[in-house]
Amino acid sequence: MIGVIRLSFRLRAAILLMIIAAVLLLMPVNTVQAADKGFSGVEIRIGGGASKGGLSTPIQIMLLLTVLSVIPAILVSVTSFTRLIIVSHFLRQALGTQTMPPNQVLIGLALFLTYFIMQPVGDRINQQALQPMLDGKITEMQALDQASVPLRQFMLRYTREKDLALFLNIAREPRPRNREDLPMRVVIPSFMISELKTAFQIGFVLYVPFMVIDMVVASILLSLGMMQLPPVMISTPFKILLFVMVDGWNLVIGSLVKSFY
């Protein structure tokens, strides 16, 4: 009986704490400096409502958490990351080095190259959308609309007309007068499949010289009667040597970055 009473008390206490936490989370939180000049901290006041022409603090926090959760999808969908990572994977497969360079190195390289390529677009988004929103000149929805303009221009620069026509026909939308009037739900998938085709084309070009080395080594081993010796064991060092001699990373990465300029 005593054990049941203790369990009931703990259950009630846990429910009470959950209710208090939920109330505190749902209430807007405003942080202002304390009026006392001698106080060096920050005073937290619970209360308040939505700002003029904007969203309340809980809604802003919810939107921020939502954006953070979809950042990987955004990074892959609307930037140059897709082309960079696919070409890097094709290059590793063509060299025959299996897991070298490792995935972490390739992803890190693709991320920093994406930052290098997308920096002009990010600067335009910061000037046209982020800073005016932080200054209170425009609302969050207006900032979102203005931020989509530089991204749309970047994606349309590398999107094929055939891919745009495909998704326009699927969406059953009329053809706009100019490319800037295309909706983002048409531009983003069109850009992605265009980037996939471009990346596969570059990967095929990278495969050809290394495939020639594999064929030559396999023919030499077959003529010598070494049929039990895997050709990959002999061709892989030659492919790595050729790649290093021609400064392959410089050529590949330089060509990839210049393809966006």
Side-chain angles (χ1 to χ4, degrees), residues 71-121 154-167 187-261:
I71 279 180
I74 296 175
L75 179 66
V76 173
S77 303
V78 300
T79 65
S80 58
F81 183 82
T82 301
R83 184 187 304 186
L84 296 172
I85 195 65
I86 291 178
V87 172
S88 301
H89 178 75
F90 270 115
L91 178 61
R92 186 175 64 179
Q93 294 296 320
L95 285 171
T97 54
Q98 301 301 323
T99 58
M100 190 60 62
N103 292 330
Q104 291 84 351
V105 174
L106 294 182
I107 294 175
L109 178 62
L111 284 173
F112 279 103
L113 291 176
T114 301
Y115 169 74
F116 180 82
I117 295 170
M118 300 297 297
Q119 185 178 5
V121 180
F154 171 81
M155 289 186 288
L156 289 175
R157 192 184 309 167
Y158 306 103
T159 305
R160 298 181 304 165
E161 294 286 346
K162 182 179 180 180
D163 298 328
L164 290 172
L166 171 65
F167 285 98
V187 176
I188 293 178
S190 304
F191 171 75
M192 291 188 69
I193 63 175
S194 297
E195 285 293 287
L196 286 174
K197 180 178 180 180
T198 303
F200 272 74
Q201 289 175 340
I202 299 175
F204 172 77
V205 174
L206 289 175
Y207 246 105
V208 171
F210 299 110
M211 185 175 60
V212 171
I213 296 177
D214 288 333
M215 294 175 61
V216 171
V217 171
S219 301
I220 294 175
L221 293 178
L222 184 61
S223 63
L224 295 176
M226 299 181 181
M227 292 178 292
Q228 300 298 327
L229 182 63
V232 179
M233 294 182 59
I234 307 300
S235 62
T236 299
F238 286 101
K239 290 190 290 186
I240 296 176
L241 178 63
L242 174 64
F243 190 72
V244 172
M245 289 180 61
V246 300
D247 200 2
W249 287 111
N250 184 284
L251 294 176
V252 173
I253 298 303
S255 299
L256 280 175
V257 173
K258 290 177 182 178
S259 65
F260 288 98
Y261 284 91

Please report the shortest heavy-atom distance between L164 and V187, naming the atom on each side.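 So the minimum-distance heavy-atom pair works out to CD2-CA, 4.4 Å.
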Can you tell if the side chain of [X] reaches within under 4.5 Å of the side chain of [Y], non-hydrogen atoms only?
X	Y	answer
L91	F210	yes
F167	I193	yes
T236	L95	no
L109	I253	yes
L84	I117	yes
L106	I85	yes
M118	F81	no

Please check this pair: side chain of T82 against backbone of V76, looking for a donor-acceptor N/O pair closer than 3.5 Å.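 Yes.
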Any sub-3.5 Å donor-acceptor pair from R92's side-chain atoms to P101's backbone N or O?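 Such a contact is found between R92 side chain and P101 backbone.
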Nearest-0.5 Å distance that lies between atom [atom1] in [X] and atom [atom2] in [Y]:
X	Y	atom1	atom2	answer
I213	M211	CD1	CE	11.0 Å
E195	I86	CD	CD1	8.5 Å
L206	F243	CG	CZ	8.0 Å
E161	L156	CD	CG	9.0 Å
L251	L256	CG	CG	11.0 Å
S88	N103	OG	CG	10.5 Å

Does R83 make a cation-pi contact with F200 (under 6.0 Å, within 45 degrees of the axis)?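 Judged by the rule, R83 and F200 form no cation-pi pair.
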Would the Y158 and F260 ring centres measure less than 6.0 Å apart?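 Ring centroids of Y158 and F260 are less than 6.0 Å from each other.
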Flag the pair F90 / F204 as yes when their ring centroid distance falls below 6.0 Å, and as no otherwise.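 No, they do not, as the ring centres are separated by 6.0 Å or more.
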Ion pair D214/K239, N-O distance below 4.0 Å: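 Counted as a salt bridge, because a side-chain N and a carboxylate O are separated by less than 4.0 Å.
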Residues R160 and S190: side-chain donor-acceptor under 3.5 angstrom: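 Per modelled atom types, R160 and S190 side chains form no pair under 3.5 Å.
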